[in-house]
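So the structure is just underneath, and the comments pick up after that.
Remember, it's a predicted structure, so these values are computed and weren't measured experimentally. Counting starts at 1 for both ligands and their atoms, in listed order.
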Amino acid sequence: MIFIVSSNCLLVKIERADIIFLMVTLKNLRQQISTVAASVEEQLPQINETTRCEELRVHLLGRKGEVTQLFKLLGKLPPQDRPIAGQLLNELKKKVTAALACRLTALGSAPQQSQSKTERIDITLPGTYHPHGHFHPLSQVQQKIEEIFLRMGFTVAVGPEIETEYYNFEALNIPAHHPAREEWDSFYIDETHLLRTHTSPVQIRIMEERKPPLRIICPGRCYRRDNQDATHSPVFHQVEMLWVEKQLSLANLKYIIELFVKEFFGKRYQMRFSADFFPFTEPSIQVHIRPPYSTDWLEIMGAGMVDPIVLQEVGYDPDQVTGFAFGLGIERMAMLRYKIDDIRLFFQNDLRFLHQF
Ligand code: FA5
């Protein structure tokens, strides 16, 4: 009984001729199995490249591999020894496969380890700055206004920016040739359509749709042929407020405006009311604000009790309900809140300006 096994069988490609079996017994096979297992155990830790690991796998488990060859000896064993020999060989195959996989995994992470040894990271260096985006100051002001009114039980409603003359003027008690139309010098799209000059048409649209009681605010963009200066822009934003219910009075309107102004600006901003005229409110008022850092008053909104003619126009009964409304300019509110003295800054998209909010 002679076994000749090449000494470096795990590292060189073994030819069939390297192993000469003169007689096969279970004992021989056991010896063979433990030799292969010991050899794998010894050599695997010394392998540092995945390609060498793969070579070893082929050498052991490939078609002509050492373990594969041992399986072929099964047929040469006495029949009663074959089941136990088969079990031993299967265990060897499993062990070798697992050991190879384990080594391959270890080698997979090896490049990172060696990289971290050679590359030195200076953890004191400042990180890369990724600036966060944020809302435009006008959007922030609009959100703040909405938030205050939502807390008071109002809901937000919107309407189209391209309006008909009916909603922008007539339904608001401004018939054709009424001198008030000149106040809102308009951009016409065609004979009967224009870019809305204020958010008041949204009042009409919502009142047509819903029955009182009604509490809404309508934010949106407006357009007027106004010359651009420090406080005027041809495109600007308004928020319309409308409350229709039984027994509302001018005192209620005044209270709501005072509450809102205090919430929005704080107690140190002064406020004054003066008489005004709007065809769709009677009486009408104008609200001015003076911030603590200034001596100038800035008009922020027009307001008033909804004219009974307007209530009738949308099918409400002016003997049953009354209402009040205001329309404020968002840019003006933002200017006062952030101490900005020129409205044009909001539309220039200068990042040095916008980053401050
Ligand atoms: C109106 O537009 C009315 N619809 C407001 C209203 C609603 C009154 C409901 C009564 C009841 P007025 O034209 O005053 O009103 O505009 C309201 C606010 O919009 C002004 O106080 C001002 O803050 C702002 N505003 C008006 N025109 C411009 C402009 N060209 N640029 C910037 N803000 C403007």
Side-chain angles (χ1 to χ4, degrees), residues 138 141-142 145 149 154 157 159 163 167-169 171-174 178-187 194-207 214 216-244 248 250 252-254 256-257 260-261 264-265 271-289 296-311 322-337 340-347:
L138 293 179
V141 167
Q142 181 180 320
I145 295 169
F149 280 99
F154 285 73
E163 265 302 1
Y167 284 107
N168 198 78
F169 294 126
L172 287 161
N173 195 29
I174 315 170
H178 191 291
R181 283 207 188 188
E182 278 161 32
E183 243 182 78
W184 291 295
D185 206 353
S186 322
F187 294 105
L194 69 156
L195 296 176
R196 71 178 173 197
T197 55
H198 51 173
T199 42
S200 297
V202 188
Q203 283 190 29
I204 304 295
R205 288 181 177 276
I206 302 298
M207 283 195 283
L214 192 65
I216 52 164
I217 52 163
C218 323
R221 210 175 283 136
C222 308
Y223 305 82
R224 288 184 196 178
R225 282 174 185 268
D226 282 347
N227 287 332
Q228 210 165 28
D229 62 23
T231 52
H232 291 84
S233 165
V235 184
F236 61 100
H237 299 79
Q238 284 189 344
V239 175
E240 188 87 2
M241 179 280 293
L242 172 73
W243 187 339
V244 186
L248 288 178
L250 191 65
N252 299 128
L253 170 63
K254 197 168 165 261
I256 291 288
I257 293 174
F260 164 66
V261 166
F264 187 86
F265 292 115
M271 182 176 59
R272 78 176 181 200
F273 297 95
S274 56
D276 202 348
F277 169 78
F278 296 105
F280 38 91
T281 48
E282 181 57 38
S284 304
I285 55 173
Q286 214 178 69
V287 181
H288 289 86
I289 295 290
D296 297 332
W297 292 91
L298 189 65
E299 182 208 323
I300 56 160
M301 66 169 82
M305 299 303 295
V306 180
D307 197 302
I309 295 175
V310 175
L311 293 175
T322 49
F324 54 68
F326 71 56
L328 62 77
I330 295 184
E331 283 77 5
R332 303 270 177 94
M333 299 290 283
M335 288 169 79
L336 289 165
R337 189 177 164 100
I340 294 160
D341 54 13
D342 197 322
I343 199 172
R344 287 165 287 205
L345 285 165
F346 290 120
F347 305 108

One pair per line, please: each N/O atom of ligand 1 matched with every protein N/O atom under 3.5 Å away, atom names first, then the distance to 0.1 Å.
residue, atom, partner, partner atom, Å
ligand 1, 2 (O), R224, NH2, 2.8
ligand 1, 2 (O), Q238, NE2, 3.0
ligand 1, 4 (N), H198, ND1, 2.9
ligand 1, 4 (N), S200, OG, 2.9
ligand 1, 13 (O), W184, NE1, 3.1
ligand 1, 13 (O), R224, NH1, 2.9
ligand 1, 13 (O), R224, NH2, 3.0
ligand 1, 14 (O), E299, OE2, 3.4
ligand 1, 16 (O), Q238, NE2, 3.2
ligand 1, 19 (O), Q238, NE2, 3.1
ligand 1, 21 (O), E299, OE2, 2.6
ligand 1, 21 (O), I300, O, 3.4
ligand 1, 21 (O), M301, N, 3.3
ligand 1, 23 (O), I300, O, 3.2
ligand 1, 23 (O), G329, N, 3.4
ligand 1, 27 (N), R224, NH1, 3.3
ligand 1, 30 (N), D226, OD2, 2.7
ligand 1, 30 (N), S233, O, 3.0
ligand 1, 31 (N), S233, N, 3.1

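Scored by the side chain to side chain contact (heavy atoms under 4.5 Å, CB included) test, E282 finds D307 as partners (sequence neighbours excluded). Residues forming a side chain to side chain contact (heavy atoms under 4.5 Å, CB included) with R205 (at least two apart in sequence, or on another chain): P160, E163, Y167. Considering only residues two or more places apart in sequence or on other chains, F149 meets the ring pair (Phe, Tyr, Trp, His ring centres under 6.0 Å) condition with F154, F260, F326.
Screening D226, D341, L298 for a side-chain contact (heavy atoms from CB on, under 4.5 Å) with T231, the sole residue that qualifies is L298.
Taking the six-membered ring wherever Trp is involved, the centroid distance between the rings of F346 and H237 does not fall below 6.0 Å.
With rounding to the nearest 0.5 angstrom, the CH2 atom of W184 is 4.5 Å from the CD1 atom of I174.
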